[in-house]
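Below: one structure, written as structure tokens.
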Amino acid sequence: MIVDARSVPENDTVAFDVCVAGAGVAGISLAAEFIGKGFEVCLLESGDLKHRPEIQSLAAGENAGYPYFPLDTARARVFGGTSNFWDIDIGDGCTTAARLRPLDAIDFEARDWVPHSGWPIAKTDLDPFYARAQALLEVEPSSYEVSDWTDGASAPLPFAADRVQTIIYKFVPGERFFNDLRHEIIKADNILSFLFANVVEIETDEHARSVKRLRVRCLEGNGFWIAAKIFVLAMGGIETPRLLLLSNKIQTNGLANQNDLVGRFFMEHLHFWSGVYIPRGCAARDANLYREVRRVNQVPVIGKVALSERVLRSEKLLNQNVQLIPADLEPWDTYPGIRSEGVLAVKAIGAALRRRRLPDDLPTHLKRVFSGIDDVAEAGYQKLARVIGRAFNGTKKVQAFLLAHMTEQVPNPESRVTLSDSLDSLGQPRVRLDWRLSEIDLLSPIRTQEILDAELRRAGLGYLRIEMRDTALPPTIQGGYHHMGTTRMHEDPKKGVVDANCRVHGISNLFIAGPSVFPTGGYANPTLTTVALALRLADHVKSIMQ
């Protein structure tokens, strides 16, 4: 049943057994598990069933670190959360889908080359919930073995060694959350879903050891309280730490922030374009698995390329994957640009001669030309090829693949969410995001391109036009709206905000659901792991309520 929070009398207290704050992917997954159970549940949503600009404006904030999306566009205050924002076209008229894949086993490990890595649970602990999550999302069978999702027309590229591998992504329509599961939850007799309900404060007992009530306010002015035995915050990786920091009446630095961890370790998946795969022979024709979304057993899937676990360990690299985007290029665009001291010296000499003069410090320029003669020769060959290509190829294109990278980010305590000095229309301090990137975040993609090029050549599949040669950030780099890590999971309260059961350290009845609890993010989109963790938490809550 749906309740308009604006109709609740001022300062009323409405009591339930379980309160879930946030009707996004995590909150909806939790509520779906509670349907028909022997306890009363309330689901609180800030927004409506459709987008409303005045409510969405509450998500605005300040970007203080590496450039990021405007914060009021980076998360959705509407029933279904960011599933309303998904924009992948998987055919059959569905243009709002998200990628699904579990994290790899290595993502859960404490890796000595990844600072602050390590989950208090292993992938084997989550595997049963990954399977249940895929059943809930109707993307079964649950296997991600490449052989289960290929046929004669879509075989994986035959790499000659086990350094590079093909991986499979599935897709779930956003409609599964903001439509299908929403209707199931609304019909449930034991669940009340409140719309227009903005949670602005967590009220605890005098020692902040248990939560008593949540303060809810509506833009129209009325406010009331929700009391419950168990509370779950499922508001995302930005709003969840914001609410904890705002709830500072007992703990002045913010609730659960006695170790200054709330809001820290904000992580994203780094998305950027870099590199071009130039196939050889029939490789381009045979790359159907990677070219576009295909349906196998009625499930939309696509293939991508990733490094093997063996290589990640031996080379001490971050986890990452690459999507191959088909593109028809001019022949001269398939050559990698050569930028070296020798080539720059030739250009400097040429520029001076065109002005009918010799360049300053000619001996130094000549020395650089001779010491970099190989690069100079390669650049000359490329220029000749471009001239010949334009003269004889006309409009003929070369079929190639652009590389779209999605990489893991190292957990960084200085990458964080705090409160700003500006206030929203409810009088609450807005959020301030300081997204920080590290040099190590770029070293892994650089090495990945080198390994991928070597393995393509070894297998006779073509070569890679490498574009990443230093740690300068690619101009196209951005996030994926994947807000992770700000209430991270760790058994030690001095290293994490929640324990292995997603319970906030030191508070008996407060839990957090969603990717904010991820200690590390791997490369996989967080949706499937978010749902799996929500189902695991739902089982824990049900055991408490028995």
Side-chain angles (χ1 to χ4, degrees), residues 1-52 54-56 58 76-84 136-138 173-200 202 211-236 239 243 509 511 513-514 531 534-535 537-539 541-542 544-546:
M1 177 179 178
I2 284 183
V3 176
D4 188 328
R6 297 171 297 184
S7 68
V8 179
E10 178 72 16
N11 281 330
D12 260 18
T13 296
V14 189
F16 296 87
D17 295 310
V18 177
C19 173
V20 178
V25 168
I28 288 174
S29 300
L30 275 164
E33 281 292 297
F34 295 150
I35 292 174
K37 303 305 177 185
F39 49 87
E40 298 298 315
V41 179
C42 81
L43 179 62
L44 302 176
E45 171 51 48
S46 167
D48 192 5
L49 299 180
K50 62 180 180 179
H51 174 78
R52 292 185 180 271
E54 69 276 15
I55 298 174
Q56 187 61 33
L58 294 171
R77 286 179 175 256
V78 60
F79 199 105
T82 52
S83 67
N84 291 271
L136 179 68
L137 303 184
E138 299 181 341
E175 193 173 274
R176 182 63 183 151
F177 290 99
F178 63 72
N179 186 62
D180 301 350
L181 292 175
R182 183 191 88 197
H183 286 300
E184 293 181 26
I185 292 167
I186 289 172
K187 290 188 297 184
D189 293 334
N190 67 318
I191 300 178
L192 285 185
S193 298
F194 288 78
L195 301 179
F196 307 101
N198 302 285
V199 181
V200 297
I202 304 170
V211 175
K212 297 166 58 178
R213 303 185 298 180
L214 298 184
R215 179 65 173 169
V216 176
R217 288 188 57 196
C218 304
L219 281 176
E220 284 69 16
N222 67 304
F224 59 96
W225 297 90
I226 295 289
K229 299 173 183 176
I230 292 177
F231 297 86
V232 182
L233 305 183
M235 301 163 63
E239 288 298 328
L243 178 61
N509 63 341
F511 298 81
V531 177
L535 301 186
L537 174 56
D539 280 5
V541 170
K542 287 183 283 188
I544 296 173
M545 295 305 302
Q546 286 179 349

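When reading the values below, keep in mind they use all heavy atoms of this one structure, side chains included, and skip hydrogens, waters and symmetry mates.
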Taking atom [atom1] of [X] and atom [atom2] of [Y], what is their separation to the nearest 0.5 Å?
X	Y	atom1	atom2	value
L44	L192	CG	CG	10.0 Å
K50	L195	NZ	CG	12.0 Å
I191	M1	CD1	CE	13.5 Å
F511	C19	CZ	SG	13.0 Å
K542	L537	NZ	CG	10.5 Å
I230	M545	CD1	CE	5.5 Å

Of all the heavy-atom pairs spanning [X] and [Y], show the shortest one and how long it is.
X	Y	answer
N11	R215	OD1-NH1, 3.1 Å
L58	S46	CD1-OG, 4.4 Å
A513	V232	CB-CG1, 3.9 Å
A534	A26	CB-O, 3.9 Å
G36	N190	N-OD1, 3.1 Å
G221	E10	O-OE1, 4.0 Å

Taking the side chain as everything from C-beta on, heavy atoms only, tell me whether [X] gets closer than 4.5 Å to [Y].
X	Y	value
L181	R176	yes
F178	V78	no
I226	C42	yes
V199	L233	no
F196	L219	no

* Please report the C-alpha distance between L214 and F231 in whole Å, then the side-chain angles of each, then the deciding distance to 0.1 Å, and finally whether the side-chain contact (heavy atoms from CB on, under 4.5 Å) criterion is met. => CA-CA 9 Å; L214 298 184; F231 297 86; 3.6 Å; yes
* For D189, does the CG atom have more than 12 heavy-atom neighbours from other residues, nucleotides or ligands under 6.0 Å away? -> no
Keeping the roles fixed (side chain from [X], backbone from [Y]), state whether a donor-acceptor pair exists under 3.5 Å.
X	Y	answer
E45	G22	no
D12	F224	no
E175	D180	no
N222	V8	yes

* Under the side-chain contact (heavy atoms from CB on, under 4.5 Å) criterion, do F16 and V41 qualify, and how do the steps go? -> CA-CA 6 Å; F16 296 87; V41 179; 6.0 Å; no
* To do: Go through the side-chain N and O atoms of N84 and R77 and say whether any donor and acceptor fall under 3.5 Å apart.
  => no
* To do: May I have the step-by-step check of side-chain contact (heavy atoms from CB on, under 4.5 Å) for L49 and R182, ending in yes or no?
  => CA-CA 9 Å; L49 299 180; R182 183 191 88 197; 3.7 Å; yes
* For the pair I35 and I185, evaluate side-chain contact (heavy atoms from CB on, under 4.5 Å) and give the outcome as yes or no after the intermediate values. => CA-CA 7 Å; I35 292 174; I185 292 167; 4.2 Å; yes
* **Geometric class of the F34/F39 ring pair [parallel <30°, tilted 30-60°, perpendicular >60°]** => perpendicular
